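Below: the structure, in structure tokens.
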2 protein chains.
Amino acid sequence: MNISEFAKEAGVSVSAVSRYFNDGYLSDDKRALIEAAIERTGYVPSYSARTVRSKVTKLVGVILPKLSSESIARITEDIGEVLGEEGFELLLVNTSNDYNREISSLELFRQNRVDGVILLAGVITDLHRSLLAKMRVPTIIVGQKLKGFNCVCHNDLGAAYNMTKLMLDKGAKRPAFIGANPEDMAAGKDRRIGFEKAVLDAGLTLDPKFCEIARFSMDSGYEKAKHLFSGREKPDCLFCATDNIAAGAMLYCRENGIRIPEDLMISAVGDSRFDKVLYVSLSSVHLHYKTAGREGANMLLAEMKKTSEVHRIVQLEYDIIERESTNRIG
Amino acid sequence: MNISEFAKEAGVSVSAVSRYFNDGYLSDDKRALIEAAIERTGYVPSYSARTVRSKVTKLVGVILPKLSSESIARITEDIGEVLGEEGFELLLVNTSNDYNREISSLELFRQNRVDGVILLAGVITDLHRSLLAKMRVPTIIVGQKLKGFNCVCHNDLGAAYNMTKLMLDKGAKRPAFIGANPEDMAAGKDRRIGFEKAVLDAGLTLDPKFCEIARFSMDSGYEKAKHLFSGREKPDCLFCATDNIAAGAMLYCRENGIRIPEDLMISAVGDSRFDKVLYVSLSSVHLHYKTAGREGANMLLAEMKKTSEVHRIVQLEYDIIERESTNRIG
DNA sequence: CTGAAAGCGCTAACAA
DNA sequence: TTGTTAGCGCTTTCAG
């Protein structure tokens, strides 16, 4: 059933029906007639026909690298909540960290199809940048800071710095690091810089043998820990870029009689749900993922309303959660 | 730029352009002209205008209760992958276990807007059932079995039965249970029935004091474990409906000097990533979530192609993963 | 294989 | 406040 059939059924004009669904002027009599007819027929207007004319899709595209990641799922959950309240639906693209899918989704969203885009990015390349600059719809980047764009990000550097410092303050002298892809400015590079700065500020030197780069998985953390402990000299504290990496490293430690925190203090970033049930509870930095999601969604909402061209970068702070894995007397 | 402006720019007719984007008959010359013009102008056809005529949205609605759940994220990830290969995008609705949002999304998807729906359901009520029966687009239910509809589900009963049996075979005599909402037929009811059947088959009796119902969270598992151990008689094995519940229960045990598996064997369902890094690695049943996602997506794809009215229920089997938490000599 | 033309269902401008 | 009508940008007959 289309709008004119329905209008006839209701005994009103098509414009009355259109107005009914679009907050236009309408007398109470007509309103009642229409409501009764909806009850009778179950009529629902067509979204696409509406979009053709009005250019409004009520859809927001969300591009993310991996759904089955606790942090990303949390962010996305809150994005959906905020946007849902304003009547927007989420068009989700999971790129599985596939560069090409990221680019092609950006292409897809660049023109029509959605009213706005939220990009949860890992690695941002020049191609990303040039596509982002050409977007026709408001776009928000969550999790990375990118000059000239609207971003909500975390203080990754500070988080890494202070988590590392906490271990060094407790007397650790041979700090080790298992990081993430350095092309990821936030989780990769900034967390590494934070670690390094803390080490240098403590008057220690960076040992390149004590620095590893892992993928975002437990298995990879395990492998890198194995490599870290293969040399003659052993580290006495370890900072990992993510909880998953740390969990993998801890697994290696358990299997190889390395005691935590006695032989090795260990800490990470993420404050995952499982941190406190690990065989030694894991000290970790809590980043405000849910807030990031809400903030990003609200920023997008604001952008979609006005046509302000002022770009903002919002950086969220963090909380250090101390648990057993760093509990050594200095 | 719209199709007629573009057609002029390319030097071809409007229909030629339409055919280019829809695998219609087209000579190589025209094809080349169009491709060159796309290169020049960056023209992309409008999805909504296409949809108005063709009734095809290339969108699939996915309704789920909670994104930040490892199992649901895994299922959704694979749904997206399979559907993405066929050019479908995912319209995601996270209901946060809110009954009303579930109903209203079903309403939303019932008519237009999407070409198909996948429902990852927890609790299915009569209202769900009646709405599902009225769906105008193909709909697949994942995670629950519902007669008369297309479903992909797990053998929750068998999983619970055999996981429990494994503990009883090792000599446990006082089995306890922390389950989920019994209105959830799969994770709640079937897992409970499986547990109970295993207990009875072993010649033991069910002690109602040893049966608790938790929410899907660690905290809730912790609380229920506390309650379980508050009585005079203590259980010697515990089966939990989910890994999260079990992790919470383990936390309680650690804090209260209950040794696992010596004093209490414990096991669950889900095979979460964190199971093997818990302070005692957790025996759990692996359900094939990724396969469920793929299977559900393929089923939907099939339904969207033909108009077959044959409903199928696919039940996936499981793997029992033994770890330390049940490693007691019988 | 091609192009003209008639809609798809709706919104918005306009006249009443 | 209301109804009429001209499109929105595309697909799909239909006649060539």
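The model shown is predicted, which means the values in this text are computed figures rather than measured ones.
Summarising the geometry, the separation between CG on B/D28 and P on C/dC1 is reported as 9 Å, rounded to the nearest angstrom. Nucleotide D/dC10 holds its P atom 10 Å from the CZ atom of B/F6, rounded to whole Å. In this entry the distance linking OH of B/Y20 with C1' of C/dT2 reads 18 Å, nearest Å. B/R113 has its CZ atom 17 Å from the P atom of C/dG9, to the nearest Å. Rounded to an integer number of Å, the gap from A/I3 CD1 to D/dG3 P is 12 Å. If you take CG of B/N2 and P of C/dC8, they are 20 Å apart, rounded to a whole angstrom. Atoms CZ (B/R31) and C1' (C/dC1) sit 11 Å apart, rounded to a whole Å. In this structure, the CZ atom of B/F21 is 15 Å from the P atom of D/dT12, given to the nearest Å.
An OP1 or OP2 oxygen of D/dT11 is reached within less than 4.0 angstrom by a side-chain nitrogen or oxygen of B/N22.
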Pairwise N/O distances under 3.5 Å, protein to nucleotides 13-16 of chain D:
none

Tabulate below the donor-acceptor pairs under 3.5 Å that side-chain atoms of residues 85-94 of chain A make, not counting sequence neighbours, or state none.
from  : atom 1 : to    : atom 2 : distance (Å)
A/N94 : OD1    : A/S96 : N      : 3.1
A/N94 : ND2    : B/E77 : OE2    : 3.4

Throw together a table of side-chain donor-acceptor distances under 3.5 angstrom for residues 119-131 of chain A, partners on residues two or more places apart or in other chains.
from   : atom 1 : to     : atom 2 : distance (Å)
A/T125 : OG1    : A/Y99  : OH     : 3.4
A/T125 : OG1    : A/L127 : N      : 3.3
A/T125 : OG1    : A/H128 : N      : 3.2
A/T125 : OG1    : A/H128 : ND1    : 2.8
A/H128 : ND1    : A/T125 : N      : 3.1
A/H128 : NE2    : A/E102 : OE2    : 2.6
A/S130 : OG     : A/L127 : O      : 3.2

Sequence neighbours left out, cut at 3.5 Å: what donor-acceptor pairs do the side chains of residues 1-10 of chain A make with other protein atoms?
from : atom 1 : to    : atom 2 : distance (Å)
A/N2 : OD1    : A/S4  : N      : 3.1
A/N2 : OD1    : A/S4  : OG     : 3.2
A/N2 : OD1    : A/E5  : N      : 3.0
A/E9 : OE2    : A/R40 : NH1    : 2.3

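Salt-bridge annotation for A/K189 and A/D156: absent, with no side-chain N of the basic residue lying under 4.0 Å from a carboxylate O of the acidic one.
Remark: B/R312 engages no residue in a salt bridge (Lys or Arg N to Asp or Glu O under 4.0 Å) (not counting sequence neighbours). The side chain to side chain donor-acceptor pair (under 3.5 Å) test applied to A/S71 returns A/S69, not counting sequence neighbours. Every residue two or more places apart in sequence or in another chain that forms a salt bridge (Lys or Arg N to Asp or Glu O under 4.0 Å) with A/E70 is listed here: A/R74. Taking the ring pair (Phe, Tyr, Trp, His ring centres under 6.0 Å) definition, one finds that B/Y289 meets it with B/H154, sequence neighbours left out.
The stretch residues 107-120 of chain B participates, sequence neighbours left out, in these salt bridge (Lys or Arg N to Asp or Glu O under 4.0 Å) pairs: B/E107-B/R110. Legend: salt bridge (Lys or Arg N to Asp or Glu O under 4.0 Å) pairs involving residues 10-21 of chain B, not counting sequence neighbours: none detected.
DNA chain D is contacted by A/V52, A/R53, A/K55 of residues 36-61 of chain A, taking any non-hydrogen atom closer than 4.0 Å.
Exactly one residue among A/L108, A/L59, A/T57, A/V52 makes a side chain to side chain contact (heavy atoms under 4.5 Å, CB included) with B/Y47. That residue is A/L108.
Within 4.0 Å of B/V14, counting heavy atoms only, lies at least one base atom of the nucleic acid.
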- Base-pair string, DNA chain C, Watson-Crick plus G-U, cut-off 3.5 Å on both distances, | for inter-strand, is ||||||||||||||||
